[in-house]
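The structure presented is a predicted model; accordingly, all values stated were derived computationally and were not measured. Chain A is the first sequence line, chain B the second, and so forth, proteins listed ahead of strands; every chain is numbered from 1. No hydrogens, no waters, no symmetry mates; every other heavy atom, side chains included, goes into these values.
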2 protein chains.
Amino acid sequence: MSKVYVTDVILRDAHQSLIATRMRTEDMLPACAMLDDIGYWSLECWGGATFDACLRFLKEDPWERLSKLKAALPKTKLQMLLRGQNLLGYRHYSDDVVRKFVETAACNGMDVFRIFDALNDIRNLETAVEATREAGKHAQGTICYTTSPVHDIASFIKLGKGLANLGCNSIAIKDMAGLLTPYIAGELVKALKDAVDLPLHLHCHATAGLAEMCQIKAIEAGCEHVDTALSSWAGGTSHPPTESLVTALRGTEYDTGLDLDKLQAVNDYFAAVRKKYHRFESAFTGIDTRVHIFQVPGGMISNLANQLKERNALDRIDEVYREIPEVRKDLGYPPLVTPTSQIVGTQAVLNVLIGKRYETISNEVKRYLHGGYGKAPAPVNAQLLAKAVGKEEIIECRPADLLKPEFEHLRGEIAHLALNDEDVLSYAMFPEIGKQFLELRSTDNLVPEPLELEQAPKPGEVKK
Amino acid sequence: MSKVYVTDVILRDAHQSLIATRMRTEDMLPACAMLDDIGYWSLECWGGATFDACLRFLKEDPWERLSKLKAALPKTKLQMLLRGQNLLGYRHYSDDVVRKFVETAACNGMDVFRIFDALNDIRNLETAVEATREAGKHAQGTICYTTSPVHDIASFIKLGKGLANLGCNSIAIKDMAGLLTPYIAGELVKALKDAVDLPLHLHCHATAGLAEMCQIKAIEAGCEHVDTALSSWAGGTSHPPTESLVTALRGTEYDTGLDLDKLQAVNDYFAAVRKKYHRFESAFTGIDTRVHIFQVPGGMISNLANQLKERNALDRIDEVYREIPEVRKDLGYPPLVTPTSQIVGTQAVLNVLIGKRYETISNEVKRYLHGGYGKAPAPVNAQLLAKAVGKEEIIECRPADLLKPEFEHLRGEIAHLALNDEDVLSYAMFPEIGKQFLELRSTDNLVPEPLELEQAPKPGEVKK
Ligand SMILES: [Co+2]
Ligand SMILES: [Co+2]
């Protein structure tokens, strides 16, 4: 039985990759009956960016979205992306917050927790995986794929075995940058299948135009699960198109069994939805193979361009491209994914603009070198370490071991606005915008940002 | 030695597929030094639509374009697409015109002639292949890929053997509609390699999102040559991205040997060029898997939509989709490519709008049934045949056997405007617009259509 199972990312990663995570719940719900009827293995619908965008821009309660989706999708598993001990935020949380978060998400309808750590430090997944298992849900451990002198097949096999030992129900290969190439994908999957007796999931961004080929070679090597996006939201920085994979495998031993007519119908719906969000489309969402030249992910490139533009230094972007691999090397080759992509990118910009490497060291780089995010894949630059951390003792243990329980404290801080644990967790994840959201709600002032850029007429002005 | 060779279609099929064939020679020439340095096996740069667009819209002499490209690309083979006995037009030409055309194109710099017939009737390739060989150039025979009850692997093998017997130097699998699926591609290539000792070329449109996967499976099965387009002009109705394939194969036994940095540089150039032509971009150039549902190629869909819009009947397009496979069946399952796609599509529209099937039969369908385009892949509908052709005798021979030499006659018709054989051939291919072009040239009035839609100010009007 080598049937392939499909996870559609239309409700999370597709709009995160293409329109800055702006899709609203009201545009998801009308499609749910159709989606639920497709027969997907799961629908990815939640993660750090969707949570953030709900609170910040859409003025929607992300927990409410989850409950509504659960009610509208009774037959299909819901899936989320969780940043390990960082949960949906940018810092490590204490274990009691991690447990509370996972429990609450499970209660509200989450079925599959895809859990990753930006350093592939398995200790940062322990609590989340344990909590997921205790909630009776599916814990999916993640391998963040990257390339470097220390990232070879053997290193990923070791990681895969570690994830199996943690009690994960399955393993995801997460190729956030589109760095994976098809024959490496095949090799990696084969080696993992030989080493670990767990189902494999492949999450491959289409940025560099290689994701479809990676899927095919991974499937042939034994990968049973792939992530895709309905075609109107596929390609470019998003994912390979669902319908294309279904067509490619139809009539073969890998046949997904999904119905192209049904997929076409729900895709037609989402094609129309995408037009509503044209304001948020990036100028170019085509193929971008620069990641294979500069080793800089496409998503980072636009971020860097923005940072440089703000400082009137866009002309120095090529220097930054060349600096990023240097910083990454100095930091022991972290995979570039939230939050390491931001940490490395920002330091590279500093190095270039100041003109002297590490003349200024960001607080995040200091915390990183100090061990505050976990263990780097390779030894860091010793000189830089000495300069950044001085004589302070390096954290060798799991960073969260140093954190005291904090949920009750957080609850106290936001007690005047929080109606339930969900609200406390929203505040915990995003202290500023979470609090602001709860304040606006308390005064009945939740207004989503407009879909169109036109300004409302100013007082006294008459709009034609 | 399983190295893969690349033909880039950036100068022909990419802009034909994406911006209605509007790229100008002036935008090609500055890239030629870079293109010539890549190491492509060939650059596709000429065909029916480029020739037509040059005369009709760009007011460029297509022969001049060819000579200029040849001069600017001394190291790289130039390649063209030729419609067999139809040459670049829509009717069968006499053999002397075919010979004259091929000779003249060879003289002006063409190296590789990819020759196809819409019915896969090999007799329609004979003269063009022979003429190409006589000119000392590369004759590539083409298999137009399609699906139907009579199009199986065995039928394509038979065709491949026929092409080899004709003396072709290589064979192209032409998947104009994006109908090919990866595992069929692999099977087909393997069977062809077993049957025929010629290099294989794969030309796969990315319309349905399967082309990259088809390339991979074809390459693994022994296909040595693939067509791609530089990434800024790739995807959708165009072709898979060059850089992605090069990256996918790097370091494997199939390594193309092409340099990603050089590709990135020339792609940056063409990315900027594309912006100039935004007027001609279609609204949606994403993935379209409808061909696998309706069996109607994406390119035909937009054509049909236009035909129906003109008659205020766009709401009947679904009926037309359903009618097309019926007409195609009645006509003995021709592949849908110029001119059969137009013949089938127009008759399907007639059938639906008139409300009674074949109440009106187009002249082209009559000629088709009469045998005027060659032999249909399967027997045609006998009732329809009787109705359309009556008691006239069916053409069983090669249609061009019935044509008298006509080049001297054509030369006579256009003698007042033609300066050379090239001009006579332009007129022969496109009698109306070719003549109009030569007339405008004679009065020094060749003005290309504008790149922007803004109107010039009318007399008396002042533009702000
Ligand atoms: Co992703
Ligand atoms: Co083509």
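- Of the atoms belonging to Thr247(A), heavy atoms from both backbone and side chain fall under 4.5 Å from chain B.
- For His205(A), the ring-ring contact (aromatic ring centres under 6.0 Å, His included) partners at least two apart in sequence or on another chain are His203(A), His239(A).
- There is no contact between Ala234(A) and chain B, counting heavy-atom distances below 4.5 Å.
- The 12-atom threshold is exceeded at NZ of Lys193(A), counting heavy atoms of other residues, nucleotides or ligands nearer than 6.0 Å.
- A donor-acceptor distance shorter than 3.5 angstrom exists from the side chain of Ser244(B) to the backbone of Ala208(A), with no hydrogens or angles considered.
- When Asp261(B), Leu263(B), Asn267(B) are compared by the number of non-hydrogen pairs under 4.5 Å with chain A, Asp261(B) comes out ahead.
- Neither the backbone nor the side chain of Ile184(A) has a heavy atom closer than 4.5 Å to any heavy atom of chain B.
- Among the candidates Ala248(B), Ala185(B), Gly209(B), the residue making the largest number of heavy-atom pairs closer than 4.5 Å to chain A is Ala248(B).
- Taking Glu220(A) as the reference, Lys217(A), Lys217(B) meet the salt bridge (charged side-chain N to carboxylate O under 4.0 Å, His left out) condition, with sequence neighbours excluded.
- The side-chain heavy atoms of His292(B) and Arg250(A), taken from C-beta on, include a pair separated by under 4.5 Å.
- The choice from Leu210(A), Thr181(A), Leu245(A) that makes the most heavy-atom pairs within less than 4.5 Å of chain B is Leu210(A).
- A 4.5 Å side-chain heavy-atom check between Pro241(B) and Thr289(A) finds every atom pair outside the cut-off.
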